[in-house]
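These notes are about the structure you will find just below.
Each ligand, and each atom within it, is numbered from 1 in the order the structure gives.
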Amino acid sequence: MIEELKNLVKEYLPNANLALIEKAYNFASNAHYCQTRASGEPYINHCFNTAKILTELKLDEATICAALLHDVLEDTLVVREELKEEFGEEITTLVEGVTKINSYKFNDNITEQAENWRKMLLAVVKDTRVIIIKLADRLHNMRTIKYLPPDKQKEISIETLTLYTPFAHRLGIYKWKSELEDLIFEVLQPTKYHEIKSKWEARSESNLKNLEIVEKQIQEKIDPLNIEYRILARPKNLYGIYRKMQRQEKPFSAIQDLFGLRVITDTKEHCYAILSVVQSEFNILENSFTDYIAVPKANMYQSLHITINSDQNVIVEIQIRTEEMHRRAEYGIAAHWRYKEAFNKNGAANLKQTDINMEHHLEFIKHILESQKDVKDSNEFLTAIKTECNFDQIYVTTPKGDAIKLPEGATALDFAYAVHSDIGDRCMGVKVDGKIVPLDYKLKTGQRCEALVRKNIRPTENWLSIAITAQARSRIRKYLREHKKK
Ligand code: MN
């Protein structure tokens, strides 16, 4: 195992301190000596797999060492001082961070839950590697969950769903997020899971054949452009299909786009060149084009999305992106570290959390923590977290053409506050695509919005039942509090 791990690290970090990684492996191996997993395997297998999962993200050697050692403080006789003496402060702090997260219990007590979330968010802002190690740990635990008793399986799955998949999502690590979702889905709704799985398998053969035909057609059209590209076929995750069935209230047989194609190329210009080929050569589904390159998602996701109806009458979603966008789409925040590292001559990853792209990923956490200053109520805080971690985002534009991102379900009032808090405070209504709508109007992606203000308007108690974003709500509360004092 250690040879395999060393080879994986060497591939992306030619100058890595492999002796240190081997030392961490041996140390963990000794510390967990005689301990076994529920599967009967030696415990070190879990430490190795956690580290191996992290090499996918090309993380630095300190993170790999910490992953190997992540359970020694909690599950063995090893103490902090010993770890520090052997591996230094950085690795020890990482291991300690992971151990602390394990101690946060997310039970029904609202006050405790809010406090644990707060601690967790602070830890993530301080060093994101801690939560990434924890995600890899959880991914391996979920992959091997079938060895645990059913009650325990459910408990861990629910915790993963409430706590860890939102983090994987917001940090942009889609690859892990979709795998976690399917593993949780199987535990929590086994009947639904197996039903969709068998239907999916029954349809996949003919689907894959059709997909191949479409792939060839696309290739024929792009080849003459003489640009670099590759095409990946992409099955959707089962949970994603299930969510779509629920959202659209449709049976499985009515879900058409079970598969998608990704066209990955070298530059942004070539993305648009490929897009125009697709647009002119294929039957495009109405309203199916979204330009996430011009307007990236909140988590920095970029791609062109377009859905075609092929000659074989197969609906296929096509995503067009550059290699860099692709890496970011799969590995999110971790992709930026790698990107930065390319500029580091020593070969060591430089993990200073000053990267602008990275800041972007952590912005949502800062929003939550900032809003909490005005929120004394634990329930309100938990609602803010749920809203900010909301899976879906919408985009509207201002009259100047600036894009504003809002969580799904955001109202006209949220828009006004997103433009500026002074505009929110004086907002009497919003003009949406030329029509005046009330403050509680729910916005949709693509709408053009203009906030209308009146000097004599003031926030009222009622506004708290209209605004859903943390930013708007904390501002309204602030106004109401100050006003009451006066
Ligand atoms: Mn573990």
Side-chain angles (χ1 to χ4, degrees), residues 1-2 4-5 8-9 21 23-57 59-80 82-83 86-87 90-106 116 119-120 123-124 127-149 151-165 167-168 171 173 176-177 179-180 183-184 187 334:
M1 287 191 291
I2 181 60
E4 185 185 344
L5 190 62
L8 285 168
V9 174
I21 292 174
K23 186 179 165 189
Y25 177 86
N26 290 330
F27 188 94
S29 212
N30 286 330
H32 291 291
Y33 182 66
C34 275
Q35 289 177 358
T36 51
R37 298 268 292 167
S39 60
E41 291 177 289
Y43 199 91
I44 187 71
N45 289 16
H46 167 66
C47 313
F48 160 75
N49 277 298
T50 305
K52 188 180 167 184
I53 290 169
L54 288 163
T55 61
E56 240 180 81
L57 266 62
L59 286 169
D60 64 335
E61 60 198 31
T63 311
I64 302 297
C65 290
L68 288 166
L69 298 163
H70 81 270
D71 276 329
V72 299
L73 289 182
E74 195 178 346
D75 295 335
T76 78
L77 297 172
V78 173
V79 292
R80 188 187 203 279
E82 193 182 353
L83 207 56
E86 296 289 333
F87 296 99
E90 187 185 8
I91 293 174
T92 305
T93 309
L94 284 172
V95 175
E96 216 172 23
V98 178
T99 311
K100 259 188 214 150
I101 290 181
N102 290 343
S103 71
Y104 304 151
K105 292 283 169 274
F106 287 84
N116 283 334
K119 281 191 209 151
M120 181 109 154
V124 176
D127 192 337
T128 319
R129 291 176 296 174
V130 169
I131 187 76
I132 294 186
I133 297 170
K134 188 62 210 167
L135 283 172
D137 169 50
R138 187 48 66 100
L139 184 56
H140 184 248
N141 284 338
M142 285 300 302
R143 280 179 186 170
T144 52
I145 201 158
K146 60 169 185 262
Y147 298 104
L148 295 180
D151 279 5
K152 199 79 196 150
Q153 287 189 23
K154 272 189 201 129
E155 191 188 305
I156 292 175
S157 296
I158 289 170
E159 191 190 66
T160 308
L161 188 65
T162 42
L163 205 55
Y164 296 108
T165 44
F167 266 111
L171 298 177
I173 313 174
W176 294 3
K177 181 206 156 207
E179 190 183 341
L180 281 173
L183 291 164
I184 295 165
V187 173

Restricting to N/O/S atoms, is His140 within less than 2.8 Å of the Mn ion (ligand 1) or not?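 Short answer: no, not a single N, O or S atom is under the cut-off.
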Give the name of the N/O/S atom in Asp71 that lies closest to the Mn ion (ligand 1).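 When I compare the N, O and S atoms of Asp71, OD2 is nearest to the Mn ion (ligand 1).
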Which atom name would you report as the N, O or S atom of Asp137 nearest the Mn ion (ligand 1)?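 So the atom name we want here is OD1.
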How long is the straight-line distance from CG of Leu94 back to CD1 of Ile132, given to the nearest 0.5 Å?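 The CD1 atom of Ile132 sits 11.0 Å away from the CG atom of Leu94.
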State, yes or no, whether a side-chain contact exists between His46 and His70 at a heavy-atom distance under 4.5 Å.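 Yes. Closest side-chain heavy atoms under 4.5 Å.
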Ile145 side chain reached by Leu183 side chain, heavy atoms, under 4.5 Å: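 Heavy-atom side-chain distance check fails, nothing below 4.5 Å.
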Classify the ring geometry of Tyr43 against His32: parallel below 30°, tilted from 30° to 60°, perpendicular beyond 60°.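 Plane angle under 30°, so parallel.
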The Mn ion (ligand 1): angle it makes with NE2 (His70) and NE2 (His46), nearest 10 degrees: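 The angle at the Mn ion (ligand 1) comes to 90°, rounded to the nearest 10°.
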